[in-house]
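The model shown is predicted, which means the values in this text are computed figures rather than measured ones. Chain identifiers are assigned alphabetically (A, B, ...) following the order of the sequence lines, protein sequences preceding nucleic acid strands; residue numbering begins at 1 within each chain.
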2 protein chains.
Amino acid sequence: MSSNKKPDNSIPSAGKLQHELKKKKPFESLAQEAWLNLVRTHSQLQIRGERMLAEFGLTGCQYNILRILRGEGHPLPILEVASRTISPVPGITGLIDRLEKAGWVCRERSTTDRRVIYVGITDPALELLSKIDQPLNDLHEEIMQPLSQGDRRELIRLLEQLRCHASEHPE
Amino acid sequence: MSSNKKPDNSIPSAGKLQHELKKKKPFESLAQEAWLNLVRTHSQLQIRGERMLAEFGLTGCQYNILRILRGEGHPLPILEVASRTISPVPGITGLIDRLEKAGWVCRERSTTDRRVIYVGITDPALELLSKIDQPLNDLHEEIMQPLSQGDRRELIRLLEQLRCHASEHPE
DNA sequence: TGTAATTAGTTTATACGTCATCTATTTTGG
DNA sequence: CCAAAATAGATGACGTATAAACTAATTACA
């Protein structure tokens with residue numbers, strides 16, 4: 001790729017984020033500004049999600065696991081659960097530990113391959129999830145409210161492009 | 001291990017993400033899909049940033065603090081640093097501790113208000129940062145490469161709208 | 001058959017986000 | 001001038017991300 005691109009093509013906006021961060025200098029590139037906006041926006045929204053779930057005694061991570069188990073409808077091997085979350089293998093053990101101690105999942109060793117441990121969701125957890133569904137949907141709507149339906153599609157498209165590219169060039 | 005999947009009757013509305021997550025049902029709303037895309041994309045990109053910084057012995061959080069201190073050009077009160085990062089007050093202490101132990105910042109108690117502790121960046125840290133600048137910019141460019149300049153602006157605009165709304169309705 | 005390689009999962013260690021609580025130092029108000 | 005409120009920061013506890021090293025069960029292969 002040529003770095004001879006008209007640099008002025010990419011003059012970053014004198015954005016709101018620059019002011020939020022009390023940055024003295026404008027961003028060096030649109031790429032950097034977009035990156036920082038993504039990070040910043042994510043963390044703001046993440047906090048709201050976590051707070052909502054905390055009212056039900058769950059962390060975002062725990063909620064994700066329960067959602068996966070509910071969606072699947074039957075117990076899954078622990079590593080299969082891990083592969084569907086962000087958390088890598090080692091972290092999953094403690095996560096399942098805490099969920100089990102709270103009575104929301106149960107472990108069950110496979111009879112055919114004794115290395116495998118299945119995790120299943122319990123009825124109380126299903127009940128808990130059903131109570132969370134509506135408030136969480138409401139939160140998502142509330143958060144996305146400033147965006148039109150078209151804007152939401154556009155956002156999804158842009159993010160998908162980034163993710164798609166990233167998974168093709170993991171380095 | 002059984003892969004007895006019956007073909008799902010529901011017609012997936014759009015998403016690659018749905019497939020990524022092995023979700024059986026499509027998303028319930030654009031808001032939810034956009035939210036999940038944001039979370040997922042962020043975590044993928046975040047990992048790449050962290051890995052790059054790890055090669056220089058820094059975490060993302062530590063790097064942020066050093067960037068702030070370099071940008072400011074003079075020592076800042078600890079709480080001022082905290083206010084410019086995502087991390088709230090309590091977490092900042094340990095962060096500064098570790099940075100200090102590594103020799104990248106130094107603490108200095110204010111003479112006028114003895115409650116205040118200033119944090120300043122050291123010369124070795126400045127040197128370290130200067131070595132990181134280029135690779136990090138390259139990474140940002142690489143990550144944003146699939147987006148045109150116009151798309152980048154659009155992404156920034158959408159994210160700013162979300163953040164702006166969120167900060168007005170912190171709930 | 002017996003040993004090496006794989007695979008599933010745990011343990012340990014470091015770093016960070018978040019909350020509640022604590023100390024030390026101003027500042028304020030009667 | 002002194003007690004109460006406010007402020008700066010530290011501490012401790014819990015949950016999570018991440019990597020490295022480990023155990024135990026299974027499979028591959030010579």
Reading 5' to 3' through nucleotides 6-11 of chain D, protein heavy-atom contacts under 4.0 Å coded B for base, S for sugar-phosphate only, - for none: -BSSBB
For A:Ile96 against A:Val105, the heavy-atom pair lying closest together: O-CG2, 4.1 Å
Ionic contact status for B:Arg40 with B:Glu33, cut-off 4.0 Å: no
Outermost DNA chain C nucleotides near chain A [under 4.0 Å, heavy atoms]: C:dT6 to C:dC19
Toward the 5' end of DNA chain D, by each residue's nearest nucleotide, A:Thr111 or A:Arg98: A:Arg98
Geometric class of the A:His42/B:His42 ring pair [parallel <30°, tilted 30-60°, perpendicular >60°]: parallel
Side-chain donor or acceptor of B:Gln62 paired with backbone N/O of B:Leu58 under 3.5 Å: no
Carboxylate-amine/guanidinium contact B:Glu154 B:Arg157, below 4.0 Å: yes
Pairing of B:Glu55 and B:Arg51 as salt bridge, 4.0 angstrom limit: no
Gap between atoms CZ and C1', on B:Arg51 and D:dA17 respectively (whole Å): 12 Å
Sugar-phosphate only, base, or nothing, as touched by A:Glu50 at under 4.0 Å among non-hydrogen atoms: nothing
B:Val116-B:Val81 co-clustered via ILVMFWY side chain contacts under 4.5 Å: no
Nearest-angstrom distance from the residue atom CD of A:Gln46 to C1' of D:dT16: 12 Å
Partner set under ring pair (Phe, Tyr, Trp, His ring centres under 6.0 Å) for A:Trp104, not counting sequence neighbours: none
